[in-house]
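Start at 1 with the first residue, then count along the sequence.
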Amino acid sequence: MVLLRNICGLTAPGTGWDSVPSASDTSIEANIARVKYYRNSVYGHASQESVDDLTFNSLWRDISAALTPLGVDAAAIAKLKTETMDPDTEKHYRKSLKEWKKDEDNIKDQLDEMEETKHIIFSYIREQMRTEKENISEKITEEGDRTRKDLRQMKSDISEKLKTLVSATKEETVGLVAEHIEIMRQKYKRHEGWLAPFPWCEDFQFQLSDIYTRLRMVSRGKKARATAEQRVVETTEIFKPHEECKQPRKVLIEGKPGMGKTTYCNKVAYDWAINTKNEGDCFPEFELVLLLKCRDVEIESDLWRAIDD
């Protein structure tokens with residue numbers, strides 16, 4: 001700048017050599033002053049090592065506008081913008097890119113080989129699985145036939161054992177039931193065959209069969225309740241089939257206190273115990289008779305507990 005000012009006899013622009021000339025001043029001196037200013041502010045006395053893209057493009061435009069009138073080729077300026085500032089670094093990057101390209105090609109070749117190997121392995125596995133499937137299918141068929149045969153034999157053995165067990169159990173059960181039935185008969189013979197008219201004198205008793213008087217009952221069926229029709233029947237006919245029920249299984253006997261309901265039930269149990277059957281009786285042949293007195297059943301008990309007691 002000193003040589004240009006002193007030898008070439010340049011005249012300083014209106015703002016001087018150390019300031020940015022005005023935008024309207026396009027003289028050679030003004031452009032030289034602009035180059036000097038940007039050199040000092042951007043490079044020589046810069047406060048930071050880098051600028052953002054917006055600032056860089058703005059400075060590049062202003063500097064290019066100052067250099068072009070001074071005879072610098074605009075194409076060279078444009079090319080300079082994209083060239084590297086460090087040739088060694090550029091060489092290093094080019095070498096790295098070539099190595100990356102080579103590695104990428106090698107990886108691609110390896111992937112192709114792996115893909116081919118994968119197809120070979122999968123084909124081998126499918127073949128092995130097909131062969132194994134056929135072997136397993138044959139084994140399953142053989143095992144299934146053997147298992148079915150074993151199951152048939154086991155079923156036959158279990159059936160034979162069950163028949164033997166059921167036969168033995170049935171005999172034991174029949175014997176046990178007969179034993180309990182006999183116990184009930186003996187109990188009824190001892191307790192239900194006697195009548196104590198005076199609760200305070202239990203030693204004063206009568207043989208029930210000696211003093212029992214056959215009662216006569218008034219039969220009232222479901223229809224009789226509605227029509228008020230009544231029929232007098234003997235106590236031995238309470239289970240006799242009639243038009244409303246071909247095979248009576250439940251009978252309800254109603255009567256006032258002291259009419260003989262309890263005594264009649266005792267007599268039925270006693271007759272069953274001594275195997276007495278009067279001529280004309282319509283009573284079924286009972287295997288077992290249970291005489292349950294409701295007054296003796298606990299409130300919180302049930303039928304099965306009462307039978308067990």
Side-chain angles (χ1 to χ4, degrees), residues 1 20 23 26 31-166:
M1 290 296 296
V20 181
T26 58
N31 286 327
I32 293 174
R34 289 189 182 95
V35 172
K36 176 179 180 296
Y37 172 79
Y38 287 127
R39 183 266 176 195
N40 292 332
S41 63
V42 175
Y43 175 72
H45 305 290
S47 61
Q48 54 186 9
E49 297 179 355
S50 62
V51 295
D52 56 66
D53 291 344
L54 183 62
T55 303
F56 174 83
N57 290 325
S58 177
L59 291 173
W60 189 269
R61 184 178 60 253
D62 294 340
I63 296 173
S64 298
L67 290 174
T68 302
L70 294 176
V72 181
D73 186 21
I77 296 175
K79 181 180 178 181
L80 183 64
K81 185 178 181 180
T82 58
E83 287 186 352
T84 179
M85 297 176 63
D86 189 350
D88 293 334
T89 302
E90 180 182 6
K91 184 178 180 180
H92 169 72
Y93 285 144
R94 288 182 180 275
K95 182 179 179 181
S96 298
L97 288 173
K98 290 180 179 179
E99 291 178 354
W100 290 350
K101 179 64 169 58
K102 184 178 179 180
D103 293 340
E104 184 178 353
D105 293 339
N106 292 334
I107 292 173
K108 185 178 180 181
D109 293 339
Q110 292 177 4
L111 289 174
D112 293 339
E113 294 177 0
M114 291 175 62
E115 185 70 19
E116 184 178 356
T117 304
K118 182 187 72 172
H119 288 305
I120 296 174
I121 294 175
F122 282 176
S123 299
Y124 174 77
I125 292 175
R126 282 194 293 268
E127 182 64 23
Q128 291 296 317
M129 290 179 65
R130 186 184 63 79
T131 304
E132 190 67 21
K133 181 180 178 181
E134 293 176 355
N135 295 335
I136 292 175
S137 179
E138 293 177 359
K139 291 181 181 179
I140 289 176
T141 302
E142 294 176 359
E143 290 294 333
D145 295 339
R146 188 181 300 109
T147 302
R148 283 190 291 270
K149 183 178 179 180
D150 293 342
L151 286 175
R152 285 194 294 269
Q153 183 63 37
M154 186 183 299
K155 181 179 179 181
S156 177
D157 295 342
I158 292 176
S159 179
E160 292 297 328
K161 291 181 180 179
L162 283 176
K163 289 180 180 179
T164 303
L165 181 61
V166 168

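Between Lys91 atom NZ and Ser96 atom OG the span is 12.0 Å, to the nearest 0.5 Å. Separating the CH2 atom in Trp60 from the CG atom in Leu67 is a distance of 9.0 Å, to the nearest 0.5 Å. Distance check, rounded to the nearest 0.5 Å: OG1 of Thr147 to CZ of Arg152 gives 10.5 Å. Expressed to the nearest 0.5 Å, how far CD1 of Ile121 lies from CE of Met114 amounts to 9.0 Å.
Under the 3.5 Å distance criterion, the side-chain polar atoms of Ser58 are left unmatched by any main-chain donor or acceptor of Leu54. With Thr68 contributing its side chain and Ser64 its backbone, the two residues share a donor-acceptor pair below 3.5 Å.
In this structure Asp105 satisfies the side chain to side chain donor-acceptor pair (under 3.5 Å) test together with Lys101, sequence neighbours excluded. In this structure Arg39 satisfies the salt bridge (Lys or Arg N to Asp or Glu O under 4.0 Å) test with no other residue, sequence neighbours excluded. Checked against salt bridge (Lys or Arg N to Asp or Glu O under 4.0 Å), Glu104 has no partners two or more places apart in sequence or in another chain. In this structure, Asp103 has no side chain to side chain donor-acceptor pair (under 3.5 Å) partners at least two apart in sequence or on a different chain. Listed by chain and residue number, nothing satisfies the salt bridge (Lys or Arg N to Asp or Glu O under 4.0 Å) test with Asp150 (two or more places apart in sequence, or in another chain).
For the residue pair Asn31 and Ala66, the shortest heavy atom distance occurs at CB-O, 3.6 Å.
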**Q.** Steps toward side chain to side chain donor-acceptor pair (under 3.5 Å) verdict (Gln110, Asn106)
**A.** CA-CA 6 Å; Gln110 292 177 4; Asn106 292 334; over 6 Å; no
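Looking only at side-chain heavy atoms (C-beta outward), Lys149 and Asp145 stay at 4.5 Å or farther from each other. Side-chain contact between Asp112 and Lys108 is present, with at least one heavy-atom pair separated by less than 4.5 Å.
Annotation: salt bridge (charged side-chain N to carboxylate O under 4.0 Å, His left out) contacts involving residues 125-139, sequence neighbours excluded, comprise Glu127-Arg130, Arg130-Glu134.
Within 6.0 Å of the CG atom in Asp52, the count of heavy atoms belonging to other residues, nucleotides or ligands exceeds 12.
Considering Gln153, Lys155, Glu160 in turn, Gln153 is the only one that fulfils the side-chain contact (heavy atoms from CB on, under 4.5 Å) rule with Asp157.
Checked for salt-bridge contact, Lys102 and Glu99 miss the test: no charged N lies under 4.0 Å from a carboxylate O.
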